[in-house]
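See structure below.
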Number of protein chains: 2
Amino acid sequence: MQRIEALVQRVRAQGGKVTAQRMLIWRALEGDQTHPTAEDLYARLKPVLPGLSLATLYNALNELVEWGEVRRFDAGDGHIHYDPDCSAHAELVCLKCHTIIDAPQEVAPQPAIPDEIAGYRILARSEQYFGICPACRAARA
Amino acid sequence: MQRIEALVQRVRAQGGKVTAQRMLIWRALEGDQTHPTAEDLYARLKPVLPGLSLATLYNALNELVEWGEVRRFDAGDGHIHYDPDCSAHAELVCLKCHTIIDAPQEVAPQPAIPDEIAGYRILARSEQYFGICPACRAARA
DNA sequence: ACCTTCTTTAGAATTATTCCTATTTGATAA
DNA sequence: TTATCAAATAGGAATAATTCTAAAGAAGGT
(Lines give C-alpha, C1' and ligand atoms only; values in the text may rest on other atoms or scores of the structure.)
Protein backbone atom coordinates (compact mmCIF):
# COMPACT_ATOMS: atom_id res chain seq x y z
CA MET A 1 0.00 0.00 0.00
CA GLN A 2 1.22 3.49 -0.79
CA ARG A 3 1.63 6.15 1.85
CA ILE A 4 -1.61 7.60 3.09
CA GLU A 5 -0.92 11.03 1.57
CA ALA A 6 -0.85 9.39 -1.85
CA LEU A 7 -4.24 7.80 -1.20
CA VAL A 8 -5.66 11.16 -0.13
CA GLN A 9 -4.49 12.71 -3.37
CA ARG A 10 -5.85 9.83 -5.38
CA VAL A 11 -9.32 10.13 -3.85
CA ARG A 12 -9.39 13.89 -4.31
CA ALA A 13 -8.18 13.63 -7.89
CA GLN A 14 -11.10 11.41 -8.85
CA GLY A 15 -13.66 13.62 -7.13
CA GLY A 16 -13.96 11.46 -4.03
CA LYS A 17 -14.04 12.45 -0.40
CA VAL A 18 -11.52 11.85 2.32
CA THR A 19 -13.83 10.71 5.09
CA ALA A 20 -13.00 9.85 8.67
CA GLN A 21 -13.97 6.25 7.96
CA ARG A 22 -11.57 5.89 5.06
CA MET A 23 -8.72 7.45 7.00
CA LEU A 24 -9.35 5.13 9.91
CA ILE A 25 -9.37 2.04 7.71
CA TRP A 26 -6.29 3.12 5.81
CA ARG A 27 -4.39 3.73 8.99
CA ALA A 28 -5.43 0.37 10.40
CA LEU A 29 -4.08 -1.39 7.33
CA GLU A 30 -0.86 0.58 7.09
CA GLY A 31 1.95 -1.76 7.99
CA ASP A 32 -0.36 -4.56 9.10
CA GLN A 33 1.27 -7.94 8.59
CA THR A 34 -1.38 -10.18 10.13
CA HIS A 35 -3.37 -10.88 6.93
CA PRO A 36 -6.58 -9.81 8.68
CA THR A 37 -10.10 -10.68 7.57
CA ALA A 38 -12.83 -8.07 7.31
CA GLU A 39 -14.18 -9.27 10.67
CA ASP A 40 -10.77 -8.91 12.28
CA LEU A 41 -10.57 -5.31 11.14
CA TYR A 42 -14.14 -4.58 12.14
CA ALA A 43 -13.55 -5.87 15.67
CA ARG A 44 -10.48 -3.65 15.87
CA LEU A 45 -12.11 -0.49 14.49
CA LYS A 46 -15.65 -0.64 15.88
CA PRO A 47 -14.56 0.50 19.38
CA VAL A 48 -12.67 3.42 17.84
CA LEU A 49 -15.60 4.57 15.68
CA PRO A 50 -18.73 2.93 17.09
CA GLY A 51 -20.98 4.03 14.24
CA LEU A 52 -18.85 2.25 11.68
CA SER A 53 -20.82 -0.01 9.38
CA LEU A 54 -19.52 -3.31 8.08
CA ALA A 55 -20.66 -2.28 4.63
CA THR A 56 -18.44 0.79 4.78
CA LEU A 57 -15.48 -1.36 5.70
CA TYR A 58 -16.14 -3.75 2.84
CA ASN A 59 -16.55 -0.80 0.47
CA ALA A 60 -13.24 0.69 1.51
CA LEU A 61 -11.43 -2.64 1.30
CA ASN A 62 -12.80 -3.49 -2.12
CA GLU A 63 -11.91 -0.06 -3.38
CA LEU A 64 -8.33 -0.46 -2.20
CA VAL A 65 -8.20 -3.80 -3.98
CA GLU A 66 -9.50 -2.21 -7.19
CA TRP A 67 -6.79 0.41 -6.96
CA GLY A 68 -4.18 -2.30 -6.60
CA GLU A 69 -3.24 -0.95 -3.14
CA VAL A 70 -4.18 -4.03 -1.17
CA ARG A 71 -4.28 -7.68 -2.12
CA ARG A 72 -7.16 -9.88 -1.11
CA PHE A 73 -6.92 -13.63 -1.23
CA ASP A 74 -8.78 -16.75 -0.28
CA ALA A 75 -6.93 -18.80 2.32
CA GLY A 76 -9.39 -21.66 2.07
CA ASP A 77 -10.66 -21.17 5.63
CA GLY A 78 -13.96 -19.60 4.65
CA HIS A 79 -12.65 -16.09 5.03
CA ILE A 80 -11.18 -13.56 2.68
CA HIS A 81 -7.89 -12.12 3.91
CA TYR A 82 -6.40 -8.73 3.08
CA ASP A 83 -2.76 -7.81 2.82
CA PRO A 84 -1.56 -4.22 2.39
CA ASP A 85 1.91 -5.43 1.51
CA CYS A 86 1.95 -5.45 -2.27
CA SER A 87 5.68 -5.95 -2.48
CA ALA A 88 6.85 -9.08 -4.16
CA HIS A 89 6.07 -12.08 -2.02
CA ALA A 90 4.01 -15.24 -2.11
CA GLU A 91 1.84 -16.59 0.67
CA LEU A 92 2.21 -20.03 2.19
CA VAL A 93 -1.17 -21.38 3.26
CA CYS A 94 -1.63 -24.56 5.29
CA LEU A 95 -4.49 -26.63 3.88
CA LYS A 96 -5.12 -28.19 7.29
CA CYS A 97 -4.90 -25.45 9.89
CA HIS A 98 -5.16 -22.46 7.53
CA THR A 99 -2.29 -20.51 9.00
CA ILE A 100 -0.75 -18.05 6.59
CA ILE A 101 2.82 -16.90 6.39
CA ASP A 102 4.70 -14.82 3.85
CA ALA A 103 7.19 -16.81 1.85
CA PRO A 104 10.61 -15.20 1.74
CA GLN A 105 11.69 -13.97 -1.65
CA GLU A 106 14.61 -16.42 -1.73
CA VAL A 107 12.42 -19.51 -1.65
CA ALA A 108 9.65 -18.17 -3.90
CA PRO A 109 11.23 -15.59 -6.15
CA GLN A 110 8.83 -13.12 -7.73
CA PRO A 111 9.17 -12.14 -11.36
CA ALA A 112 8.77 -8.52 -12.40
CA ILE A 113 5.14 -7.67 -13.14
CA PRO A 114 4.64 -7.01 -16.84
CA ASP A 115 2.60 -3.94 -17.78
CA GLU A 116 0.41 -5.96 -20.05
CA ILE A 117 -0.60 -9.57 -20.65
CA ALA A 118 -2.95 -10.59 -23.45
CA GLY A 119 -4.28 -7.04 -23.71
CA TYR A 120 -4.93 -6.78 -19.97
CA ARG A 121 -3.34 -3.82 -18.21
CA ILE A 122 -1.80 -5.53 -15.17
CA LEU A 123 -2.01 -3.81 -11.79
CA ALA A 124 -1.25 -6.57 -9.32
CA ARG A 125 -0.14 -10.13 -9.00
CA SER A 126 -0.92 -12.69 -6.35
CA GLU A 127 0.66 -16.05 -5.67
CA GLN A 128 -0.13 -18.70 -3.11
CA TYR A 129 1.45 -22.00 -2.26
CA PHE A 130 -0.90 -24.47 -0.59
CA GLY A 131 0.43 -27.30 1.48
CA ILE A 132 0.82 -28.81 4.90
CA CYS A 133 2.71 -26.82 7.51
CA PRO A 134 5.41 -28.36 9.69
CA ALA A 135 3.12 -28.57 12.73
CA CYS A 136 0.36 -30.38 10.83
CA ARG A 137 2.87 -32.73 9.23
CA ALA A 138 4.14 -33.68 12.66
CA ALA A 139 0.61 -34.09 14.02
CA ARG A 140 -0.29 -36.45 11.23
CA ALA A 141 2.66 -38.77 11.80
CA MET B 1 -7.53 -32.96 -11.47
CA GLN B 2 -6.47 -36.59 -11.76
CA ARG B 3 -8.55 -39.15 -13.59
CA ILE B 4 -11.64 -40.23 -11.74
CA GLU B 5 -10.34 -43.76 -11.22
CA ALA B 6 -7.44 -42.29 -9.24
CA LEU B 7 -9.87 -40.38 -7.02
CA VAL B 8 -11.90 -43.54 -6.45
CA GLN B 9 -8.77 -45.35 -5.30
CA ARG B 10 -7.74 -42.46 -3.12
CA VAL B 11 -11.09 -42.36 -1.30
CA ARG B 12 -11.12 -46.14 -0.81
CA ALA B 13 -7.51 -46.14 0.39
CA GLN B 14 -8.32 -43.74 3.19
CA GLY B 15 -11.44 -45.61 4.24
CA GLY B 16 -13.84 -43.27 2.51
CA LYS B 17 -16.85 -44.03 0.40
CA VAL B 18 -17.43 -43.55 -3.29
CA THR B 19 -20.91 -42.11 -3.24
CA ALA B 20 -23.15 -41.16 -6.12
CA GLN B 21 -22.87 -37.52 -5.05
CA ARG B 22 -19.09 -37.52 -5.19
CA MET B 23 -19.02 -39.23 -8.54
CA LEU B 24 -21.50 -36.73 -9.92
CA ILE B 25 -19.48 -33.76 -8.68
CA TRP B 26 -16.22 -35.22 -9.91
CA ARG B 27 -17.64 -35.84 -13.33
CA ALA B 28 -19.07 -32.34 -13.51
CA LEU B 29 -15.66 -30.86 -12.77
CA GLU B 30 -13.71 -33.14 -15.07
CA GLY B 31 -12.51 -31.01 -17.94
CA ASP B 32 -14.51 -27.96 -16.92
CA GLN B 33 -12.82 -24.78 -18.06
CA THR B 34 -15.43 -22.24 -17.00
CA HIS B 35 -14.03 -21.53 -13.50
CA PRO B 36 -17.45 -22.22 -11.98
CA THR B 37 -18.61 -21.07 -8.57
CA ALA B 38 -20.30 -23.44 -6.14
CA GLU B 39 -23.64 -21.93 -7.14
CA ASP B 40 -22.91 -22.53 -10.81
CA LEU B 41 -22.22 -26.18 -10.12
CA TYR B 42 -25.24 -26.53 -7.87
CA ALA B 43 -27.54 -25.13 -10.53
CA ARG B 44 -26.06 -27.59 -12.99
CA LEU B 45 -26.25 -30.65 -10.73
CA LYS B 46 -29.50 -30.11 -8.83
CA PRO B 47 -31.70 -31.16 -11.78
CA VAL B 48 -29.61 -34.31 -12.21
CA LEU B 49 -29.80 -35.33 -8.53
CA PRO B 50 -32.65 -33.31 -6.98
CA GLY B 51 -31.86 -34.37 -3.40
CA LEU B 52 -28.38 -32.89 -3.61
CA SER B 53 -27.55 -30.49 -0.81
CA LEU B 54 -25.36 -27.44 -1.16
CA ALA B 55 -23.48 -28.61 1.92
CA THR B 56 -22.58 -31.85 0.19
CA LEU B 57 -21.29 -29.95 -2.78
CA TYR B 58 -19.16 -27.72 -0.58
CA ASN B 59 -17.85 -30.74 1.30
CA ALA B 60 -16.80 -32.44 -1.91
CA LEU B 61 -15.23 -29.30 -3.33
CA ASN B 62 -13.26 -28.49 -0.20
CA GLU B 63 -12.06 -32.04 0.04
CA LEU B 64 -10.78 -31.90 -3.53
CA VAL B 65 -8.99 -28.67 -2.67
CA GLU B 66 -7.40 -30.28 0.38
CA TRP B 67 -6.19 -33.11 -1.79
CA GLY B 68 -4.66 -30.61 -4.19
CA GLU B 69 -6.92 -31.89 -6.98
CA VAL B 70 -8.78 -28.65 -7.58
CA ARG B 71 -7.76 -25.07 -7.09
CA ARG B 72 -10.08 -22.59 -5.50
CA PHE B 73 -9.50 -18.90 -5.81
CA ASP B 74 -11.05 -15.55 -5.10
CA ALA B 75 -11.74 -13.60 -8.26
CA GLY B 76 -12.69 -10.48 -6.34
CA ASP B 77 -16.31 -10.63 -7.48
CA GLY B 78 -17.71 -11.89 -4.20
CA HIS B 79 -17.62 -15.52 -5.28
CA ILE B 80 -15.15 -18.33 -4.84
CA HIS B 81 -14.28 -20.01 -8.12
CA TYR B 82 -13.06 -23.57 -8.66
CA ASP B 83 -10.72 -24.84 -11.33
CA PRO B 84 -10.00 -28.54 -11.85
CA ASP B 85 -7.11 -27.70 -14.13
CA CYS B 86 -4.08 -27.87 -11.88
CA SER B 87 -1.64 -27.79 -14.75
CA ALA B 88 0.69 -24.87 -14.84
CA HIS B 89 -1.19 -21.71 -15.65
CA ALA B 90 -2.04 -18.36 -14.09
CA GLU B 91 -5.43 -16.67 -14.14
CA LEU B 92 -6.07 -13.23 -15.55
CA VAL B 93 -8.80 -11.47 -13.60
CA CYS B 94 -10.37 -8.17 -14.64
CA LEU B 95 -10.78 -5.87 -11.64
CA LYS B 96 -13.70 -4.11 -13.30
CA CYS B 97 -15.89 -6.75 -14.90
CA HIS B 98 -14.49 -9.80 -13.08
CA THR B 99 -14.10 -11.96 -16.14
CA ILE B 100 -11.53 -14.68 -15.75
CA ILE B 101 -9.35 -16.22 -18.41
CA ASP B 102 -6.42 -18.59 -18.26
CA ALA B 103 -3.12 -17.00 -19.12
CA PRO B 104 -1.15 -18.99 -21.66
CA GLN B 105 2.09 -20.46 -20.37
CA GLU B 106 4.11 -18.32 -22.79
CA VAL B 107 3.04 -15.02 -21.29
CA ALA B 108 3.04 -16.12 -17.65
CA PRO B 109 5.52 -18.97 -17.39
CA GLN B 110 5.07 -21.24 -14.38
CA PRO B 111 8.04 -22.44 -12.37
CA ALA B 112 8.23 -26.05 -11.24
CA ILE B 113 6.50 -26.55 -7.88
CA PRO B 114 9.04 -27.36 -5.20
CA ASP B 115 8.24 -30.26 -2.85
CA GLU B 116 8.92 -28.16 0.16
CA ILE B 117 9.16 -24.49 1.17
CA ALA B 118 10.04 -23.40 4.70
CA GLY B 119 9.09 -26.81 6.07
CA TYR B 120 5.70 -26.80 4.29
CA ARG B 121 4.98 -29.80 2.10
CA ILE B 122 3.71 -28.09 -1.05
CA LEU B 123 0.71 -29.58 -2.86
CA ALA B 124 -0.50 -26.79 -5.08
CA ARG B 125 0.30 -23.38 -6.36
CA SER B 126 -1.98 -20.61 -7.49
CA GLU B 127 -1.22 -17.40 -9.31
CA GLN B 128 -3.45 -14.55 -10.40
CA TYR B 129 -2.81 -11.40 -12.34
CA PHE B 130 -5.27 -8.60 -11.63
CA GLY B 131 -5.84 -5.84 -14.09
CA ILE B 132 -8.16 -4.23 -16.58
CA CYS B 133 -9.28 -6.30 -19.53
CA PRO B 134 -9.22 -4.96 -23.09
CA ALA B 135 -13.00 -4.37 -23.15
CA CYS B 136 -12.97 -2.35 -19.91
CA ARG B 137 -9.96 -0.38 -21.07
CA ALA B 138 -11.82 0.57 -24.22
CA ALA B 139 -14.96 1.43 -22.27
CA ARG B 140 -13.04 3.74 -19.99
CA ALA B 141 -11.45 5.73 -22.83
C1' DA C 1 -28.84 -61.44 2.30
C1' DC C 2 -28.29 -59.34 6.99
C1' DC C 3 -25.95 -56.92 10.74
C1' DT C 4 -22.57 -53.59 12.37
C1' DT C 5 -19.73 -49.78 11.98
C1' DC C 6 -18.37 -45.61 10.42
C1' DT C 7 -18.78 -42.12 6.85
C1' DT C 8 -21.57 -39.13 4.34
C1' DT C 9 -25.73 -36.74 3.44
C1' DA C 10 -29.78 -33.33 3.75
C1' DG C 11 -31.69 -29.62 5.58
C1' DA C 12 -31.72 -26.20 8.90
C1' DA C 13 -29.11 -22.87 11.38
C1' DT C 14 -25.30 -19.85 11.40
C1' DT C 15 -21.99 -16.83 9.69
C1' DA C 16 -19.94 -13.94 5.95
C1' DT C 17 -20.42 -10.70 2.28
C1' DT C 18 -22.82 -7.71 -0.72
C1' DC C 19 -26.71 -4.81 -2.07
C1' DC C 20 -30.00 -1.03 -1.40
C1' DT C 21 -31.41 3.63 -0.26
C1' DA C 22 -32.60 7.49 2.77
C1' DT C 23 -29.71 10.42 5.16
C1' DT C 24 -25.44 12.61 6.21
C1' DT C 25 -21.16 14.69 5.10
C1' DG C 26 -17.04 16.62 2.53
C1' DA C 27 -15.56 19.75 -0.98
C1' DT C 28 -16.24 23.74 -3.78
C1' DA C 29 -17.39 28.25 -4.67
C1' DA C 30 -20.23 32.34 -3.66
C1' DT D 1 -19.67 31.32 6.52
C1' DT D 2 -23.11 29.27 4.19
C1' DA D 3 -25.46 27.04 0.22
C1' DT D 4 -25.09 23.61 -3.12
C1' DC D 5 -24.17 19.22 -5.06
C1' DA D 6 -22.18 14.93 -5.48
C1' DA D 7 -20.49 11.10 -3.05
C1' DA D 8 -20.17 8.17 1.11
C1' DT D 9 -22.28 6.24 5.14
C1' DA D 10 -25.37 3.46 8.20
C1' DG D 11 -28.20 0.03 8.84
C1' DG D 12 -31.11 -3.30 7.35
C1' DA D 13 -32.35 -6.60 3.69
C1' DA D 14 -30.72 -9.90 0.54
C1' DT D 15 -27.51 -13.17 -0.95
C1' DA D 16 -23.47 -16.35 -0.42
C1' DA D 17 -20.87 -19.71 2.12
C1' DT D 18 -20.08 -22.68 6.04
C1' DT D 19 -21.22 -25.46 10.06
C1' DC D 20 -24.04 -28.66 12.70
C1' DT D 21 -26.61 -32.83 13.64
C1' DA D 22 -29.89 -36.44 13.16
C1' DA D 23 -30.72 -39.77 9.78
C1' DA D 24 -29.41 -42.50 5.74
C1' DG D 25 -26.18 -45.30 3.23
C1' DA D 26 -21.86 -47.86 1.75
C1' DA D 27 -18.36 -51.48 2.90
C1' DG D 28 -17.09 -55.58 4.99
C1' DG D 29 -17.67 -59.53 7.74
C1' DT D 30 -20.96 -63.23 8.92
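Heavy-atom basis, side chains included; hydrogens, waters and symmetry copies ignored. Keep in mind it's a predicted model, so treat the numbers as computed, not measured. Note on naming: letters A, B, ... go to the chains in the order of the sequence lines (proteins, then strands), and numbering restarts at 1 for each one.
A salt bridge links B:D74 with A:R72: the distance from a Lys NZ or Arg NE/NH1/NH2 to an Asp or Glu carboxylate oxygen falls below 4.0 Å. A salt bridge does not link B:R44 to B:E39: none of the charged nitrogens lies less than 4.0 Å from a carboxylate oxygen.
Just one residue in the list B:H81, B:H89, B:H35, B:E127 forms a side-chain contact (heavy atoms from CB on, under 4.5 Å) with B:R71, and that residue is B:H89.
Nearest nucleotide to the side chain of A:S53, out of D:dA10, C:dT17, C:dA10: D:dA10.
For the residue pair A:Q2 and A:A6, the shortest heavy atom distance occurs at OE1-CB, 3.1 Å.
With rounding to whole Å, B:Y82 atom OH is found 11 Å from D:dA16 atom C1'. Here the C1' atom of nucleotide C:dT17 and the CG atom of A:D74 are 13 Å apart, to the nearest Å. Rounded to whole angstrom, the span from the CD atom of A:Q14 across to the C1' atom of C:dA27 amounts to 15 Å. The distance between atom CD of B:E63 and atom P of D:dT19, rounded to the nearest whole Å, is 14 Å. Between the CD atom of A:E39 and the C1' atom of D:dT18 there is a distance of 14 Å, given to the nearest Å. What separates CZ of A:R22 from P of C:dG26 is a distance of 12 Å, to the nearest Å. Rounded to a whole Å, the CG atom of A:N59 is 17 Å from the P atom of C:dT25. Residue A:Q21 contributes atom CD, which lies 13 Å from atom C1' of D:dG11 at whole-angstrom precision.
In summary, the side chains of A:N59 and A:T56 do not present any donor paired with an acceptor at a separation below 3.5 Å, with no hydrogens or angles considered.
At C:dT18, none of the side-chain N or O atoms of A:Y58 fall inside 4.0 Å of OP1 or OP2 (strictly under the cut-off).
In this structure the side chain of B:L45 reaches within 4.5 angstrom of the side chain of B:I25, judged on heavy atoms.
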Q) Just by protein heavy atoms under 4.0 Å, how would nucleotides 22-30 of chain D read 5' to 3' in B, S and -? A) ---BBS---
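A:L52 comes within 4.0 angstrom of the backbone, heavy atoms only, and of no base.
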Q: Start with the C-alpha distance between A:F73 and A:Q128, add both sets of side-chain angles, then the distance that settles side chain to side chain contact (heavy atoms under 4.5 Å, CB included), and finish with yes or no.
A: CA-CA 9 Å; A:F73 62 95; A:Q128 299 95 41; 3.9 Å; yes
